[in-house]
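Written out below as structure tokens is the structure these notes cover.
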Amino acid sequence: MKILVASHNQHKVEEISNLISSPQFSVRSLNDFPTIPKSVEDEPTLEGNAVKKAREAFKTTGVLTLADDTGLECYYLELKPGVFSARYSGENATYADNNAKLLRALKGVPPRRRNARFRSVIAIVGNNIQKLVEGTMEGAIAETPHGSNGFGYDPLFIPRGSKKTYAEMTLEEKNKVSHRAAALAKAVEVLRGMK
Ligand code: IMP
């Protein structure tokens with residue numbers, strides 16, 4: 001079965017491809033379709049953005065599409081940055097800018113109040129199908145960045161049950177526990193049910 005992952009983010013594509021690697025699925029990403037314009041992620045929810053990205057990519061390619069939209073939700077900050085995670089410190093913000101802004105927002109906040117969760121929503125869109133699945137991982141925000149693997153807020157996020165941040169884990173370790181892995185396991189169930 002041909003599947004398009006509607007993302008240009010190489011880190012994300014790698015995580016997803018790794019998680020759904022199976023002879024049953026032949027996975028492509030938007031990096032294989034360079035002429036498709038990037039979707040504007042302007043919906044007010046992760047769900048809205050995931051569906052928008054998946055529908056736009058499916059409409060242009062006709063290939064069954066998975067699109068993920070993910071947000072980091074900090075309880076002390078009333079679930080911010082959430083849907084604004086990519087542009088928390090402004091349009092064209094770098095991962096380092098966003099991490100620095102998050103550390104400023106949580107400056108002086110004690111460890112017991114630094115809890116947060118990652119929430120990944122995956123939309124599956126194809127002929128006669130539009131489904132949404134979700135995966136979450138609870139954890140906490142470190143006081144300083146640790147590790148250099150992964151991307152985004154990985155150097156700051158310590159998943160529950162671990163002493164390491166996501167960025168201190170190998171891709172295999174992150175994929176065993178991550179929000180995206182949880183969402184993808186549900187997406188794979190949906191794909192298997194489609195045959
Ligand atoms: P996106 O819109 O789903 O690509 O994600 C929004 C932002 O959330 C990204 O720019 C990253 O900063 C962050 N993000 C998404 N997934 C992860 C992850 O697995 N680890 C760390 N940060 C992530």
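Counting starts at 1 for both ligands and their atoms, following the listed order. Worth saying up front: this structure is predicted, and the values here are computed from it rather than measured.
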Candidate pair E41 and K53, rule salt bridge (charged side-chain N to carboxylate O under 4.0 Å, His left out), full reasoning: CA-CA 8 Å; E41 297 183 31; K53 285 191 271 188; 3.3 Å; yes

Steps toward side chain to side chain contact (heavy atoms under 4.5 Å, CB included) verdict (F58, L4): CA-CA 8 Å; F58 173 66; L4 173 63; over 6 Å; no

Derivation of the salt bridge (charged side-chain N to carboxylate O under 4.0 Å, His left out) call for E56 and K38: CA-CA 9 Å; E56 288 181 0; K38 207 170 183 289; over 6 Å; no

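Inclusion of Y95 in the set of residues having an N or O under 3.5 Å from an N or O of ligand 1 is not warranted.
Taking every heavy atom of A86 and a limit of under 4.0 angstrom, the matching atoms of ligand 1 come to 6 (C), 7 (C), 10 (O). Residue-ligand proximity, D154 to ligand 1, at heavy-atom distances under 4.0 Å covers atoms 18 (C), 20 (N), 21 (C). Numbered from 1 in the order shown, with element, the atoms of ligand 1 that lie under 4.0 Å from a heavy atom of F118 read 17 (C), 20 (N), 21 (C), 22 (N), 23 (C). Close approach of ligand 1 to K174 (heavy-atom distance below 4.0 Å) involves ligand atoms 18 (C), 19 (O), 20 (N). Below 4.0 Å from some heavy atom of D68 lie the following atoms of ligand 1, by number and element: 3 (O).
Side-chain atoms of R114 come within 3.5 Å of backbone N or O of I141 as a donor-acceptor pair. Although no hydrogens or angles enter the test, the distance criterion places no donor-acceptor pair under 3.5 Å between the side chain of E15 and the main chain of K12.
Counting protein heavy atoms only, atom 8 (O) of ligand 1 is closest to S85 CB, 3.5 Å. Taking atom 16 (N) of ligand 1 as the reference point, the nearest protein heavy-atom neighbour is R180 NH2, 2.6 Å. Protein heavy atom at the shortest distance from atom 13 (C) of ligand 1 is Y153 CD1, 3.8 Å. At the top of the distance list for atom 14 (N) of ligand 1, counting protein heavy atoms only, stands F151 CE1, 3.8 Å. Here the protein heavy atom with the shortest distance to atom 3 (O) of ligand 1 is K12 NZ, 2.7 Å.
Put simply, L30 and V13 are part of two different groups of oily side chains (I, L, V, M, F, W, Y) that touch within less than 4.5 Å, one to the next.
Once rounded to the nearest 0.5 Å, the distance linking CE of M1 with CZ of R192 reads 9.5 Å.
Contact annotation: for F157 versus ligand 1, there are no heavy atoms closer than 4.0 Å.
At most 12 heavy atoms of other shown residues, nucleotides or ligands fall within 6.0 angstrom of atom CZ in R113. Heavy-atom contacts from other residues, nucleotides or ligands closer than 6.0 Å to CG of N92 number 12 or fewer.
Residue T70 holds the heavy atom nearest to atom 6 (C) of ligand 1 of all those in L156, T70, D69.
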